[in-house]
Amino acid sequence: MKVVKFGGSSLASGEQFEKVYHIVLSDAARKIIVVSAPGKRHKSDKKVTDLLIENADYYLTYREINEGLLEQVVGRFYSIAVELGIYTDIISDIRADIIARLTMSISNNKKYMDRVKAGGEDNTARLLAAYFNSKGKEAHYINPLEAGLFVTDQPGNAQVLAESYENLASLKEKSGILVFPGFFGYSKSGEILTFSRSGSDITGSILANAIHAELYENFTDVDAVYSVNPITVRNPKEIRELTYREMRELSYAGFSVLHDEALIPAYRAGIPVHIKNTNNPSAPGTKIVNQRTITNGPVIGIASAKGFCSIYVSKYLMNRELGFGRKLLQILEDFNLSYEHSPSGIDDISIILRQNEIGNEMEEAIRNRVFTELEADEVKIERNLALIMIVGEGMRHNVGTTARASRALAHCGVNIEMINQGSSEVSMMFGVKEVDEDRAVHSLYEEFFVSVSV
Ligand SMILES: Nc1ncnc2c1ncn2[C@@H]1O[C@H](COP(=O)(O)OP(=O)(O)O)[C@@H](O)[C@H]1O
Ligand SMILES: N[C@@H](CC(=O)OP(=O)(O)O)C(=O)O
């Protein structure tokens, strides 16, 4: 039995729905279909989720529906139904559902937003099931509350609760194709909560774990996971096989093709993940597995992401001071900040954080506390950093990868602000200024994938 997830790009129009229909029917093992909300049909288009957010924002501000915005969302579903020739009252049901989400009582703005956002996936699942039925195929929309997908009470960032796996296991026994909306679950008190953005990938992985699927297929709009983001480098090398660890590191640092939280459930149950292209289903795609044979050089992928800042603290004899690191992290915890990395030296430590979490006032308050409470010699906060992650299981067995990477960065004139090598030895991270990011990635790609034989 397979769980198959289709992303927003795979469901953006009636034509895409048709492709999904044929893909699902071409393999009888494809049992549970997880759907995102319709995505962009072209570059300047809007995702249904973003349209729903605009609708919710308007309602929160004016306490009335903006008819124009509402029509944009309903119009997306309507045009898909027309293209597919589904002439039922499904569109009036979808309109009523979205109006109900928008006009319900508001106790908490963030939860209100989640309920509206979830309308994209929920109605897409209903529409896809209706399409299968219109073609005489047995398919059922599955409601995540009835199926028992329970999550924590964290709006926009919910986490699955352990009991969900047992609840969802019984889906295996149901007949026909099951169409499950991605991206959201329910709190124990019955409220809708979404995962973070792009979270339908997480739903697919949870379901694959719950039913002990033989495979979790994730259909998107690219032929493979590429060794570098195809938006940064043209026609990059395709990756055929990746380990869970490699993909985890790469998706953390910018390989948005798979949500970085989506691997854990599949990994825990040992279920391979297969990334495939809805627009070219016969392409081999990329498999994510527990172990792979290392046929390439040390590096399998290079990922990068903007939006980080570093807090650099130095103090003479820091290494001898009991509890220094703990006290520093305690200060950050007091500000409700989680940190990403902390490379350190004998007398200094840098803490890397996501900069959108620290405003200017908070920055000043942190600086003051570190100076006064920790008696630091120097505290420097640097913004607009990009992290570049070089990843590959082969790095463990290869000498000189760091030297090659540093040489490549020096070659293109990029200054390394910080280096961090993960203890797992499958990744190496470089901090550079955001303005240097693209140049650095090109040069690293050239070094590890193009010019030098490995
Ligand atoms: N290394 C990479 N390999 C493939 N795609 C990548 C990579 N890094 C970023 N992407 C982007 O991920 C996109 C697919 O993910 P996403 O937009 O979430 O699709 P979906 O609509 O299927 O959920 C691709 O179109 C591509 O632009
Ligand atoms: N529709 C949601 C969830 C999702 O997974 O979407 P996509 O598959 O298009 O990344 C979002 O835009 O965040």
Side-chain angles (χ1 to χ4, degrees), residues 4-13 16 19-20 23 33-43 45-54 73 76 113-114 116-125 156-158 180-185 192-206 217-240 242 246-247 249-262 273 275-281 283 285-286 288 299-305 388-391 441 445 449:
V4 193
K5 180 255 172 178
F6 290 94
S9 53
S10 303
L11 292 153
S13 64
Q16 294 300 85
K19 291 180 190 168
V20 167
I23 290 169
I33 314 305
V34 177
V35 295
S36 290
K40 293 182 180 191
R41 292 159 291 187
H42 45 81
K43 248 189 170 167
D45 202 11
K46 286 185 181 168
K47 293 175 97 173
V48 160
T49 307
D50 292 316
L51 290 172
L52 286 165
I53 292 171
E54 283 180 42
V73 176
R76 288 294 302 271
M113 183 58 85
D114 274 14
V116 175
K117 278 193 290 182
E121 274 65 17
D122 209 31
N123 286 303
T124 305
N157 192 28
F180 199 107
F183 192 39
F184 70 95
I192 289 178
L193 291 139
T194 70
F195 298 123
S196 55
R197 289 301 303 267
S198 291
S200 301
D201 288 337
I202 305 173
T203 311
S205 188
I206 293 167
E217 290 179 306
N218 191 297
F219 278 84
T220 181
D221 63 350
V222 281
D223 274 353
V225 176
Y226 299 105
S227 46
V228 66
N229 188 333
I231 293 169
T232 314
V233 173
R234 270 215 285 161
N235 296 324
K237 198 166 175 281
E238 293 187 2
I239 303 173
R240 287 279 86 82
L242 274 165
E246 288 171 329
M247 190 64 203
E249 304 264 349
L250 289 164
S251 58
Y252 164 79
F255 275 25
S256 54
V257 62
L258 191 72
H259 194 295
D260 72 332
E261 290 172 44
V273 181
I275 311 280
K276 286 185 69 80
N277 191 352
T278 299
N279 306 317
N280 186 15
T286 300
I288 305 165
V299 177
I300 191 114
I302 300 167
S304 68
I388 301 179
M389 198 80 101
I390 297 182
V391 178
V441 170
Y445 182 74
F449 293 94

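All ligand and atom numbering here is 1-based and tracks the order in the structure. Nothing here was measured: the structure is a model prediction, and the numbers come from that model.
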* To do: Heavy-atom distances under 4.0 Å are what count here, so tell me which part of S200 touches ligand 1: side chain, backbone, both or neither.
  =>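 S200 to ligand 1: no contact under 4.0 Å from either part.
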
Contact region, I231 to ligand 1, non-hydrogen atoms below 4.0 Å, reads side chain

Take L250 and L242 through the test side-chain contact (heavy atoms from CB on, under 4.5 Å) and record every step on the way to the result. CA-CA 10 Å; L250 289 164; L242 274 165; 4.0 Å; yes

Can you find a heavy atom in the side chain of [X] that is under 4.5 Å from one in the side chain of [Y]?
| X | Y | value |
| --- | --- | --- |
| T278 | F6 | yes |
| S36 | K5 | yes |
| D122 | F184 | yes |
| F255 | V391 | no |
| F449 | I302 | yes |
| R197 | I53 | yes |
| M247 | V257 | yes |
| Y226 | T286 | no |

* Taking heavy atoms and a distance under 4.0 Å, where does K47 meet ligand 2: side chain, backbone, both or neither? ->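 Side chain only; the backbone of K47 stays clear of ligand 2.
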
Between K46 and D50, does a salt bridge (Lys or Arg N to Asp or Glu O under 4.0 Å) hold up when you go through it step by step?
CA-CA 7 Å; K46 286 185 181 168; D50 292 316; over 6 Å; no

Under 4.0 Å and counting heavy atoms only, is there anything from the protein next to atom 12 (O) of ligand 1?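 It does; a protein heavy atom is within 4.0 Å.
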
Take every heavy atom of [X], measure it against each atom of ligand 1, and state whether any distance is under 4.0 Å.
| X | answer |
| --- | --- |
| M247 | no |
| V228 | yes |
| S256 | yes |

Of the listed options [options], closest to [atom] (non-hydrogen atoms):
| atom | options | value |
| --- | --- | --- |
| atom 5 (O) of ligand 2 | S256, S200, G204, P181 | S200 |
| atom 2 (C) of ligand 2 | K40, H259, E121 | E121 |
| atom 26 (C) of ligand 1 | P230, S251, A12 | P230 |
| atom 24 (C) of ligand 1 | V257, D221, D223, N277 | D221 |

Checking the side chain of [X] only, and the main-chain atoms of [Y] only, is there a donor and an acceptor separated by less than 3.5 Å?
| X | Y | result |
| --- | --- | --- |
| K40 | S9 | no |
| S205 | A262 | yes |
| T220 | G7 | no |
| K117 | T49 | no |

| query | Is there any N or O on Y226 that sits under 3.5 Å from an N or O of ligand 1? | reply | yes

- Test of proximity, V225 against ligand 1: N or O pairs below 3.5 Å: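 No, no N or O pair falls under 3.5 Å.
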
Atom indices of ligand 1 within 4.0 angstrom of [X] heavy atoms, with elements:
| X | result |
| --- | --- |
| S9 | 20 (P), 21 (O), 22 (O) |
| F255 | 1 (N), 8 (N) |
| K5 | 23 (O) |
| G8 | 20 (P), 21 (O), 23 (O) |

Which atoms from ligand 2 have a heavy atom of [X] less than 4.0 Å away?
| X | answer |
| --- | --- |
| R197 | 11 (C), 12 (O), 13 (O) |
| G7 | 8 (O) |
| G8 | 7 (P), 8 (O), 9 (O) |

Could you find the nearest protein heavy atom to [atom] and give me its residue, atom name and distance?
| atom | result |
| --- | --- |
| atom 10 (O) of ligand 2 | S198 OG, 3.2 Å |
| atom 6 (O) of ligand 2 | S36 OG, 3.5 Å |
| atom 19 (O) of ligand 1 | T220 OG1, 3.1 Å |
| atom 8 (N) of ligand 1 | N229 CG, 3.6 Å |

Nearest heavy-atom approach of S196 to H259 is OG-NE2, 2.8 Å

Check whether any heavy atom of G39 sits under 4.0 Å from an atom of ligand 2.
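No, G39 has no heavy atom closer than 4.0 Å to ligand 2.
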
Is F183 in polar range of ligand 2, meaning some N or O pair under 3.5 Å apart?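 For ligand 2, there is no N or O atom that lies under 3.5 Å from one belonging to F183.
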
